Amino acid sequence: SYRTREYSLNFEANASLTEQPERDNTERLNMSFSYQKFRANRWFSDWYSTYEVNDELGIEGRISLGGAYGRYVVQSNANQLSLTAGLQATNERVSGSDNSETLPEGRLQMRYQHRNPEREATMRFTTTVFPLIEDLSVFRAETDLTLRRELVDDLDLDISFWHSYQSEPPADAANSDYGVTTSIAYSF
C-alpha cells in the first residue's frame, strides 16, 4: 500500500496450494490492484482490477475491472468504516467449459479497520457482495478478516480467515470455500 493526502494505491496477492490425501490438489490465487481517490467530506472513488483462480469453486480464471464510489462513515486514528457501491465487468472461465463469459456485476463493499498503536496491532474486516446485474438473485461474496501484530520493528505476523461463496457454482464445484492463512509481512 502507498497513501498520500490525495490518493491511495494498493496491491495485494495471495496464493495457496492445498494437498489432500485421496483428493485432487486445489489451488487458490487472488491478486488485486486498486486506486482510491479521496474526495471532499470523506467521499472517495475507487478504481480496481482483480484476478482470481479457485479450483474448489470451479474458477479457472476470473478477471474483473470496475469502479465504485464510497464514503468513510467512521474515520479516526483508531477506526475506519467505509461503504462502497459500484459496477464492474467480469470475464470468467469456469471448469468444464472452453469458453469465457463477460458479465456485468454490481459491487457492494463494507470495510472496517481497527488500529491499536500501543500494541502495534491491526484488525481488518472486509466483506464484498457481487450481484449479477442481469439477475440479482445470482451473486457471489468474499469475506476476509485479518489480524496483524508487529513482532519486531516493521516485521509483522498476520493471521487471515477468508470465505468465498457463489450462489450458482459451475457443475461439480462447491458453492463455498474457506480457509486460514498465516504470513509474515515486512513494511518499508
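Keep in mind it's a predicted model, so treat the numbers as computed, not measured. For reference, positions follow the sequence shown, starting with 1.
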Side chains of [X] and [Y]: is there a donor and an acceptor less than 3.5 Å apart?
X     : Y      : answer
Glu12 : Asn14  : yes
Asn91 : Thr102 : yes
Ser8  : Gln36  : no

For this session: Evaluate ring pair (Phe, Tyr, Trp, His ring centres under 6.0 Å) for Tyr35 paired with Tyr48, printing each intermediate quantity in order.
Result: CA-CA 6 Å; Tyr35 169 78; Tyr48 55 88; over 10 Å; no
For this session: Give the minimum heavy-atom separation between Glu60 and Gly96, together with the two atoms involved.
Result: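 So the minimum-distance heavy-atom pair works out to OE2-N, 4.3 Å.
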Problem set entry | Closest non-hydrogen atom pair, Gly58 against Pro170 |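 Closest pair (atom of Gly58, atom of Pro170, distance): O-CG, 3.8 Å.
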Got a second to check how far [X]'s [atom1] is from [Y]'s [atom2], nearest 0.5 Å?
X      : Y      : atom1 : atom2 : answer
Leu147 : Arg149 : CG    : CZ    : 11.0 Å
Phe161 : Leu145 : CZ    : CG    : 6.0 Å
Thr90  : Leu65  : OG1   : CG    : 9.0 Å
Glu92  : Glu52  : CD    : CD    : 8.5 Å

If two hydrophobic side chains count as joined below 4.5 Å and joins carry through other members, does [X] share a cluster with [Y]?
X      : Y      : answer
Val94  : Leu103 : no
Ile63  : Leu29  : yes
Ile133 : Val138 : no
Tyr7   : Trp47  : yes
Met110 : Met123 : yes

For [Y], does its backbone N or O pair with a side-chain atom of [X] as donor and acceptor, under 3.5 Å?
X      : Y      : result
Gln75  : Asn79  : no
Gln166 : Leu57  : yes
Arg111 : Phe125 : no

For this session: Mind jotting down which residue pairs meet the ring pair (Phe, Tyr, Trp, His ring centres under 6.0 Å) criterion with at least one end in residues 50-96? Sequence neighbours excluded, please.
Result: Trp43-Tyr69, Phe44-Tyr72
Problem set entry | Partner set under side-chain hydrogen bond (donor to acceptor under 3.5 Å, both in side chains) for Thr182, not counting sequence neighbours | none
For this session: Go through the structure and list residues passing side-chain hydrogen bond (donor to acceptor under 3.5 Å, both in side chains) with Asn175, not counting sequence neighbours.
Result: none
For this session: Report the residues that fulfil ring pair (Phe, Tyr, Trp, His ring centres under 6.0 Å) with Tyr165, sequence neighbours left out, ordered by chain and then residue number.
Result: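 Expected list: Phe139.
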For this session: Could I get the full list of ring pair (Phe, Tyr, Trp, His ring centres under 6.0 Å) partners for Tyr112, not counting sequence neighbours?
Result: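 So Tyr112 forms no ring pair (Phe, Tyr, Trp, His ring centres under 6.0 Å) with any residue.
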Exercise. So Arg140 and Glu105, salt bridge (charged side-chain N to carboxylate O under 4.0 Å, His left out) or not? Walk me through it.
Worked result: CA-CA 10 Å; Arg140 57 190 180 89; Glu105 292 181 316; 3.0 Å; yes
Exercise. Quick check: are there more than 12 heavy atoms from other residues, nucleotides or ligands sitting under 6.0 Å from CZ of Arg71?
Worked result: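 Yes, CZ of Arg71 has more than 12 neighbouring heavy atoms, counting only those of other groups under 6.0 Å.
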For this session: Determine, stepwise, if the pair Asp46 / Arg107 fulfils salt bridge (charged side-chain N to carboxylate O under 4.0 Å, His left out).
Result: CA-CA 11 Å; Asp46 196 8; Arg107 178 179 184 246; 3.6 Å; yes
Problem set entry | Set of side chain to side chain contact (heavy atoms under 4.5 Å, CB included) partners for Arg115, sequence neighbours left out |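 Arg115 satisfies side chain to side chain contact (heavy atoms under 4.5 Å, CB included) with Gln80, Gln113, Thr122 once adjacent residues are dropped.
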